[in-house]
Amino acid sequence: MNDDARPPAADLAYGRIRERIMSGDLAGGTRLKEQGLAEELGLSRTPIRAAITRLVHEGFVERGEGYSTRVARFPEEELDQIFEIRRRLECYAAARASERASDAQIDQLDTLTTRMEELTPPHSAGDYQEISSINAEFHRIIAEAAASPRLMAVLQMAVDVGIVARTYHSYSEADLIRSARHHRELVDAFRARSADWAESVMSSHVLAAARSAARRKGG
């Protein structure tokens, strides 16, 4: 790859550090040292710092005292609450979206689901990454289609991107197949303009994610 095709240093650092967190190579609670990461990745500290800031915003990293940063832990005592809050908010969003989504938005959800089905089960780290990104985009479109700026703001505060992404990375093949089926059924519910159906499927979808996260915590 020539220099012009290389991603910016901060994006490269972000991708490498995120991948190590997702794989478990950097476990929860591990302190992130800018100088050490810079030496490992062959970069200066500036892009490392930018990458860490981005990971903090996404919930993968948390700040400690002073300037220290650590890989975020799954908050075991709060995990059930986090998923229950997410379930209630996303069910409400799905119900609203079923009545308000444009045909174009439903078509977008359909396209994303088809791609997810093509990647399931995943065969590489890249497949996992793409499935995780598709999932995030799928849920973002639903929140947008709900046509409630207040709900969108609350969802952005309540949904921990780091937990969602790491949960996806720990899914078994059966989990991923079930998740793709939930996405397909949500598209069907939106096309039918059925709020009850959409809400029911979304509830099952988030409960399944909560079970996977609990299983990961249990080792």
Side-chain angles (χ1 to χ4, degrees), residues 22 24 28 58-60 72-101 105-106 109-110 112-117 119-122 127-146 148 151-219:
M22 295 284 286
E58 293 183 352
F60 290 100
R73 298 179 184 274
F74 275 106
E76 188 171 5
E77 71 283 358
E78 297 179 14
L79 201 58
D80 288 344
Q81 292 180 49
I82 289 170
F83 275 100
E84 179 59 16
I85 291 168
R86 178 188 163 196
R87 187 185 69 82
R88 295 189 183 201
L89 289 172
E90 293 218 54
C91 283
Y92 180 54
R96 283 182 61 91
S98 69
E99 298 169 342
R100 294 168 173 81
Q105 286 173 320
I106 296 173
L109 295 173
D110 197 339
L112 289 170
T113 298
T114 297
R115 179 56 180 158
M116 177 178 279
E117 290 166 340
L119 291 166
T120 305
D127 288 350
Y128 270 106
Q129 174 66 35
E130 188 172 352
I131 289 173
S132 179
S133 296
I134 288 170
N135 182 68
E137 179 68 4
F138 187 94
H139 286 267
R140 186 197 64 76
I141 291 171
I142 291 174
E144 188 177 88
S148 171
L151 175 60
M152 177 75 91
V154 175
L155 273 168
Q156 288 174 342
M157 287 188 293
V159 177
D160 188 319
V161 176
I163 287 179
V164 173
R166 280 179 288 178
T167 298
Y168 243 89
H169 199 73
S170 68
Y171 270 17
S172 67
E173 182 174 316
D175 291 333
L176 289 166
I177 291 171
R178 180 176 56 244
S179 179
R181 286 175 177 167
H182 285 158
H183 282 217
R184 175 57 63 198
E185 192 169 357
L186 279 165
V187 172
D188 292 341
F190 293 143
R191 290 209 187 278
R193 301 296 180 181
S194 174
D196 289 342
W197 186 6
E199 188 172 351
S200 176
V201 178
M202 183 62 80
S203 180
S204 296
H205 186 57
V206 178
L207 286 171
R211 178 179 177 276
S212 179
R215 188 172 63 232
R216 177 184 174 121
K217 279 299 295 181

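One is the number of the first residue; the rest follow in order along the sequence.
In terms of modelled atom types and a separation under 3.5 Å, the side chain of Ser98 and the main chain of Ala95 share a donor-acceptor contact. A distance-only check finds no donor-acceptor pair linking the side chain of Ser203 to the backbone of Glu199 [under 3.5 Å].
Atom CG in Asp110 sits 8.0 Å away from atom CG in Asp188 (nearest 0.5 Å). Summarising the geometry, atom CG belonging to Leu186 is positioned 8.0 Å from atom OG1 belonging to Thr113; distances are rounded to the nearest 0.5 Å. If you take OG on Ser212 and CG on Leu207, they are separated by 12.5 Å, rounding to the nearest 0.5 Å. With values rounded to the nearest 0.5 angstrom, Arg87 atom CZ is found 13.5 Å from His205 atom NE2.
Looking at every heavy atom in both residues, Ser179 comes nearest to Tyr171 through CB-CE2, 4.0 Å. Contact between Arg184 and Thr114 at its shortest, heavy atoms only, is NH2-OG1, 3.1 Å. Across all their heavy atoms, Glu99 and Ala195 have their closest contact at OE2-CB, 3.7 Å. Here the shortest heavy-atom pairing between Phe190 and Ala97 reads CE2-CB, 4.1 Å. Nearest heavy atom pair, residue Pro122 against residue Ile131, reads CB-CD1, 4.0 Å. Taking all atoms of both residues into account, the shortest heavy-atom contact from Ala93 to Ala146 is O-CB, 3.7 Å.
Side chains of Asp175 and Ser172: a donor on one and an acceptor on the other come within 3.5 Å.
Between Thr120 and Glu173 the shortest side-chain heavy-atom distance does not fall below 4.5 Å. Annotation: side chain of Trp197 is in contact with side chain of Glu185 (closest heavy-atom distance under 4.5 Å). No side-chain heavy atom of Glu90 sits less than 4.5 Å from a side-chain heavy atom of Ile142. Between Gln105 and Leu109 the shortest side-chain heavy-atom distance does not fall below 4.5 Å. Residues Leu155 and His139 have side chains not in contact (no heavy-atom distance under 4.5 Å, counting atoms from C-beta outward).
Heavy-atom contacts from other residues, nucleotides or ligands closer than 6.0 Å to CZ of Arg191 number more than 12. Atom CZ of Arg193 is surrounded by more than 12 heavy atoms from other residues, nucleotides or ligands within 6.0 Å.
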Show the numbers, then the answer: is there a side chain to side chain contact (heavy atoms under 4.5 Å, CB included) between Met116 and Asn135?
CA-CA 8 Å; Met116 177 178 279; Asn135 182 68; 4.2 Å; yes

So Arg140 and Glu144, salt bridge (Lys or Arg N to Asp or Glu O under 4.0 Å) or not? Walk me through it.
CA-CA 6 Å; Arg140 186 197 64 76; Glu144 188 177 88; 2.9 Å; yes

Audit row: Glu137, Ile141, side chain to side chain contact (heavy atoms under 4.5 Å, CB included) steps and yes/no
CA-CA 6 Å; Glu137 179 68 4; Ile141 291 171; 3.9 Å; yes

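Ion pairing between a basic and an acidic side chain is recognised when a charged N comes within 4.0 Å of a carboxylate O; Glu84 and Arg88 show such pairing.
The aromatic rings of His183 and Phe138 sit parallel to each other, their planes meeting at less than 30°, with 60° as the upper class boundary.
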